[in-house]
Amino acid sequence: MNTKFGRKFLEYCTTSMINNERYNARECEAKWQKTWQDANTFRVENDSDKEKYYVLEMFPYPSGRIHMGHVRNYAMGDVVARYKRAKGFNVLHPMGWDAFGMPAENAAIENDVHPAEWTYANIDAMRGQLKSMGLSIDWSREVATCHPEYYRHQQAMFIDFLDAGLAYRKESKVNWDPVDHTVLANEQVIDGKGWRSGALVEQRELVQWFFKISDFSEDLLETLETLERWPDKVRLMQRNWIGRSQGVQMSFALRNLPDTIDETSIELYTTRADTLFGASFCAISPDHPLSSKLAEHNAEIQQFIADCHRLGTSQEALEKAEKRGLDTGIKALHPFDDSVELPLYIANFVLMDYGTGAIFGCPAHDQRDLDFARKYKLNVTPVVIPAEEDPDTFTIGTQAYIGEGRLANSRFLNGLTIEDGKLKAAEKLESQTLDGKPQGARKTNYRLRDWGVSRQRYWGCPIPVIHCKTCGTLPVPKSDLPVKLPDEITRDKPGNPLAHHPTWKFVTCHKCNGPAERETDTFDTFIDSSWYFARFCSPRADTPTELDAVNYWLPVDQYIGGIEHAILHLLYSRFFTRAMKITGHVGLEEPFEGLFTQGMVTHETYRSNGGNWLSPSEVQISGDGDNRRAVEIASGDVAAIGNTEKMSKSKRNTIDPSDILEDYGADTARWFMLSDSPPERDVIWTEAGVEGAHRFVQRLWRLITDLAASQQTFVSTAEKIDPEKILALRTSTHKTLAAVGNDIEGLRFNRAVAHIYELTNTISAFAASFGGKMEVSALGAYKEACEVLIQLIGPMMPHLSEECWRALGKSTMLADQPWPQAEEELLVEDSIVMAVQVNGKRRDELSVKKSTAKEEVESLALKLDNVIRAIDGKPVRRVIVVPQRIVNIVV
RNA sequence: GCGGGCGUGGUGGAAUGGUAGACACACAGGACUUAAAAUCCUGAGGACGCAAGUCCGUGCGAGUUCGACUCUCGCCGCCCGCACCA
C-alpha cells in the first residue's frame, strides 16, 4: 500500500495551501466547466472501439428558463452518463430543443415579437443555464426542431411515409380547441378539455392528415412485453390505451324499414356473443350512416341527432349525460331465432368510432344497457347465472351482473361457461349465412385510432404538400425541401397566419405548372419529438439519418423523463421508429431500450390572509411540527400553509433553479435532487434540504483538505496501530464502492447517496481517532478511502470532485479517470454478526467466523446469557440456523 | 365504474421472507466562542424503568411461516391512469 503513496502527492501537500478555506462553488464550477469545454471532454465520436451507451433525457421545450424538474431530470441523466463514461463506454449524451409549439405564438401575440426570435433567445438563455449545471453533454450535437435544417428532414420523411402508405388525408370529425384555434389528437383531450388551453373541446369536420398508427396496434401492444427495462406502469398505460378487445362482428337482418332505406342488415360488434340470448334491443350511434339516412325523411330523428350533437360539443357533458334513445321502428332479427324481433334504437351512448357504431343490448349483463332498458321498459333476461344462484329465481335489479357463471335461457349454449359460450356462439355465427355471407366473424378491435397530425398553427413544421386543382394533392419534390415558414407574418386575423399570408401559399404546380396552393397546416409538434433521438446520432447529416450512425447508437440505452409522456410521446415515438424502419431510415423498431420516469419536484404552498398565493420567498417559516407557522413578510400577517404540490406558476410555489445555482452552486442542487427521495417518486424541495446538501459539499472539501493537513503531521515511526482498524476502513471503502456502482446501475441514486454519507462518516471517524497524528499505513488507507470517495461523488457533484481530485495531488482530470475497481477479497468479510432469536424475537447476537459450522453456531447460540434467560428453562423444540444470517430457537 | 400503485419515527426515507427505522433533514443537550454563525460531540419510535432491561410498534383485521414492512385474503385511506370502447 505504501507504494501507492505517490511522490507527487507528498510534494503537493507540502506546497499547497492547507487551510480551512470554504469551497467556492461559483469560482470552481465556472473554472471546471471551461476546462471541460476547452478540452472537448464530452465530445463523442461515432467510430469507437468502445461499447456504446446512449443516455438521453427528454429534451426541453425552450420556455426561457429551466425549472426544478429539468434540474432533477438532467442531474439523473448526467450521473448515468458520467458513470458509464468512467466505466469505459463510448457515451452519447446529447441535448436539443423541442422548439416548435404554441407558447412561442402566444408570446408573439402578447409581446409583439417574432416566434423565431423569441424561441432562439430562449434557447440561448436555457443553454447557458444548462451549461451552468455542469452536464456532460456533447453540445456539438445540439439540434432545435424549429430549425429548417431539422425540419426539412422531417418533411422528407413525411413524403416517404406518404409513399409507403403510412400517411393519408381524410375528412373527419376532429377535436377542436376553440381557444387555441386548433385540432387536438384524442390523446391531447383530457377530461373533454384541451391539454394545453384547458378549453372545452368541440367537434368539427375538417380534412386532416393522419398517420396510420392503428395499423401497428397489435405490434405496438405485443412488443410492450419485450420492453423489460420499462416501468410496468408505463407499459400498462400503453396497453390500456391501445385497448385490444376480442369479439365477434356480425350482421343482424333488418325488417320494417322505411322505403327510403336500401340496407337489409346491420353490422355490429360484441365481445359478449355468449349473451346473445339476453339481447333485448339493438342501437346505433347518432353518427351512424343509417342514422343520417333515416334523418333525411324524419324530422323527429333529425331533431334527436341534433340534440345529441349539441350535448356532444363537450365530451365531459357527454360522459355525464343520461342515456337516451329513439326507437326507429325498425326491427333487427335475432341471428339465432328470426322470430325474435329486437327494436332498433338510435342511442346517444353508442360511439361511432369504435367497432361498427352499432351494438346489441344485453341489459342483464351490461350496466349501460341495463340503464337504457330500465328507462325504456325493455326486457331484462339474465343468461349468465352465478354459481350460487338458481337459474329459475335469479333476477337483475339495478346492477347488471358481469361476473362469472353458467349460461342459461340460451338454448344451445345452456350450461356452458362464458368462455365456451363465446366460442360456440361465434362458431355458429360463422357457419350461418345472411345475404350469402357468413353472418359473423371473430374480430379483434382496438381503442387506438389513427394519429391526426394537422394543426392550424404557424409555429410548426409545414406539411410539405400542395393542392392543385388539376393534379390533386401532391407532395413537394424532395429537391424543393425544406418548405420553410415565411418570416413575415401578420396577426390581424384569428387563426392560422399561414392561411392568411398574402403570398406564401400560392405556388405553381410542379406537375402541370398550373396554379396550386400549399397546405397551410403544420405538423403536430409531437412529430418533432418522435425522431430527435435518431437525429442526435448524426445531427449534421444531409439525410434524416445515417444508417451507420443510428445502427451504432440506437436504441437509447437509458431514456429519462416525466411520467406525463407515458402515452403520447412514447407511443408516437414507437410508431415513428417503425415507420422510419419501413422507409429505410433506421434499422430497428423500438427506440428506447431502458426507460425511467422520474417523479415531480414539489413544494409547500402558501396563501395570504386574503387568499392569494404567496411564493416561498414571501413568507417566513418558524416553529416545528404542529407549531409550524408561516408569516407573510410584507404584511406581518399569518399565512396559511397549504398542501405540498407540483411546482407551478399558478400556485406560486416555484423555486428558480438559477437562484439556487447562484447561491449554492450546481453541485449542491444536483446532490439535493439525487438524495433522499427515490427518483421515481416526487421530491419535496425544502430550504433545509438544500442547506443540508450544501453543508455536505463543504464537509467533503474539509475532509480532503484535512487529509492534506494530516500529510504534514504524519509520524513515520508511530506507536503500533491496530491493523484491524485499517482493514475496517479499507473494507468500508471497497464495500461502498461496490454498493454505489450497483445503485447507480439501478438508478437508485438516493441509496447511492446514503452509502456515500456512510463512507464519509467512517472516514471522518477514522481520521479523528488519530488526533491529527497519523501513522503512515493508516494514512495510506485514509488516502485511498478519500480517493475512492471523490470518484464516487464524481458523477453527482462533478465540479467539487474535480477540485478535490486536484487537491489530492492529481494532475489528471477526474472526468477522464476510469471508475475504480473494488477489491474482491475486501468485499467478503471473514467474521459476521448473526442475530439470535428465540421464538422469532431477537434476544442477542453472535459474532462468528463465516465458515463456522451450523452445529457450532447452534451450540454457541444456546450458551448466550440473554438466550438462556429467554428460553427460561423451557424445552427447545427446534433450532433453525440460516447460515450467515440468523439463528432462531423455537421453544 | 375499470385498471394500477402506495400506506414505516416529528419529516424524506432504508430494509434478496431473517437484528425494522440505515442515511439524511428537523429537534434537544453539550463543546469551542466575549457573542453569534460555522464546526464538532451526544441523544432520541412509543410506554415503563435510575439502570440492566421488559412490553408494544411498519394503515386495520385475518392467514401462510421457525420467522412477515416484505407473501395470500378481506377491509380503510390516499395517489395516478382510463373511462358509455359494447
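All heavy atoms count here, side chains included; hydrogens, waters and symmetry mates do not.
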Inset, instruction - May I ask you to evaluate whether R681(A) reaches the phosphate of G13(B), defined as a side-chain N or O under 4.0 Å from OP1 or OP2? - result: yes
Inset, instruction - Verify the contact: side-chain N or O of Y354(A) to OP1 or OP2 of A86(B), cut-off strictly under 4.0 Å; return yes or no. - result: yes
Inset, instruction - Name the nucleic acid region contacted by V350(A), choosing base, sugar-phosphate or nothing; use a 4.0 angstrom heavy-atom cut-off, strictly under. - result: base
Inset, instruction - Please give the nucleotide sitting opposite C78(B) as a Watson-Crick or G-U wobble pair, both distances under 3.5 Å, or none. - result: G5(B)
Legend entry - Paired nucleotide for A22(B) [Watson-Crick or G-U wobble; both distances under 3.5 Å]: none
Legend entry - K841(A) vs C56(B): side-chain N/O to OP1/OP2 distance below 4.0 Å: yes
Inset, instruction - Would you mind telling me which residue lines up with the more 5' stretch of RNA chain B, S764(A) or S675(A), judged by nearest nucleotide? - result: S675(A)
Legend entry - Pair F372(A) + Y345(A): ring centers closer than 6.0 Å: yes
Inset, instruction - For side chain to side chain contact (heavy atoms under 4.5 Å, CB included), just list the numbers for I359(A) and L268(A), CA-CA rounded to whole Å, side-chain angles, deciding distance to a tenth of an Å, and then say yes or no. - result: CA-CA 5 Å; I359(A) 60 156; L268(A) 45 88; 5.5 Å; no
Legend entry - Separation between the P atoms of C6(B) and C71(B), rounded to whole Å: 9 Å
Inset, instruction - Could you check A358(A) against N240(A) and say which one's nearest nucleotide on RNA chain B is further toward the 5' end? - result: N240(A)
Legend entry - Pair assignment for C40(B), Watson-Crick or G-U wobble, requiring both distances under 3.5 Å: G30(B)
Legend entry - Donor-acceptor pair between R699(A) and N761(A) side chains, under 3.5 angstrom: yes
Legend entry - Distance-only donor-acceptor test (3.5 Å): side chain K233(A), base C80(B): no
Inset, instruction - Under 4.0 Å between any heavy atoms, over every strand shown, what does D369(A) touch: base, sugar-phosphate, or nothing? Just pick one. - result: nothing
Legend entry - Distance below 4.0 Å between N750(A) side-chain N/O and A14(B) OP1 or OP2: yes
Inset, instruction - Determine: side-chain N/O of S245(A) to OP1/OP2 of A86(B), distance under 4.0 Å, yes or no. - result: yes
Inset, instruction - Check every strand shown and say whether E758(A) touches a base, only sugar-phosphate, or nothing at a heavy-atom separation below 4.0 Å. - result: sugar-phosphate
Inset, instruction - State which residues pass salt bridge (Lys or Arg N to Asp or Glu O under 4.0 Å) with E228(A); sequence neighbours excluded, sorted by chain then number. - result: none
Inset, instruction - Take the protein atom CG of L674(A) and the nucleotide atom C1' of A24(B), then report the distance between them rounded to whole Å. - result: 14 Å
Inset, instruction - Classify the nucleic acid contact of V890(A) as base, sugar-phosphate or nothing, counting any heavy atom under 4.0 Å across all strands shown. - result: sugar-phosphate
Inset, instruction - Could you work out which one of U19(B), C40(B), G12(B) sits closest to the side chain of D676(A)? - result: G12(B)
Inset, instruction - Taking only the side-chain heavy atoms of T271(A) (C-beta and beyond), determine which of A26(B), G18(B), A86(B) contains the nearest atom. - result: A86(B)
Inset, instruction - Check whether any side-chain N or O of R272(A) sits under 4.0 Å from OP1 or OP2 of A86(B), and answer yes or no. - result: no
Legend entry - Ion pair R235(A)/E225(A), N-O distance below 4.0 Å: no
Inset, instruction - For nucleotides G17(B) and U65(B), find the distance between their C1' atoms and express it as a whole number of Å. - result: 9 Å
Inset, instruction - Would you please indicate yes or no on a ring centroid separation below 6.0 angstrom for Y757(A) and W671(A)? - result: yes
Legend entry - Basic-acidic side-chain contact under 4.0 Å: R272(A), D366(A): no
Legend entry - Torsion-based syn/anti label for G17(B), 90° from 0 as limit: anti
Inset, instruction - Look at the side-chain N and O atoms of R447(A) and state whether any lies under 4.0 Å from the OP1 or OP2 oxygen of A83(B). - result: yes
Legend entry - Touch class at under 4.0 angstrom, heavy-atom based, for S677(A) against every strand present: sugar-phosphate
Legend entry - Nearest-Å distance once atom P is located in both C73(B) and G5(B): 12 Å
Inset, instruction - For N761(A), answer base if it contacts any base atom (sugar-phosphate contacts may also be present), sugar-phosphate if it contacts only those atoms, and nothing otherwise; contact means non-hydrogen atoms under 4.0 Å. - result: sugar-phosphate
Inset, instruction - May I ask you to say what R695(A) touches in the nucleic acid, namely base, sugar-phosphate or nothing, with a heavy-atom cut-off under 4.0 Å? - result: sugar-phosphate
Legend entry - Sugar-phosphate only, base, or nothing, as touched by I359(A) at under 4.0 Å among non-hydrogen atoms: base
Inset, instruction - Let me know the distance between CZ of R239(A) and C1' of G4(B), rounded to the nearest Å. - result: 11 Å
Legend entry - Any strand: nucleotide that pairs with C84(B) via Watson-Crick or wobble, under 3.5 Å: none
Legend entry - Contact under 4.0 Å: R842(A) side-chain N or O vs G67(B) OP1/OP2: no
Inset, instruction - State the pairing partner of G45(B); accept Watson-Crick or G-U wobble contacts with both distances under 3.5 Å, and report none otherwise. - result: C56(B)
Legend entry - Aromatic ring proximity, centroids under 6.0 angstrom, H334(A) and F277(A): yes
Legend entry - Assigned partner base of A68(B), Watson-Crick or wobble definition, under 3.5 Å: none
Legend entry - Whole-Å distance separating the CD atom of Q246(A) from the C1' atom of A86(B): 15 Å
Legend entry - Integer angstrom distance from the C1' of G9(B) to that of G43(B): 15 Å
Inset, instruction - Measure from CD on Q238(A) to C1' on G3(B) and round the result to the nearest Å. - result: 15 Å
Inset, instruction - Establish, with yes or no, whether the OP1 or OP2 oxygen of U54(B) is under 4.0 angstrom from a side-chain nitrogen or oxygen of R843(A). - result: yes
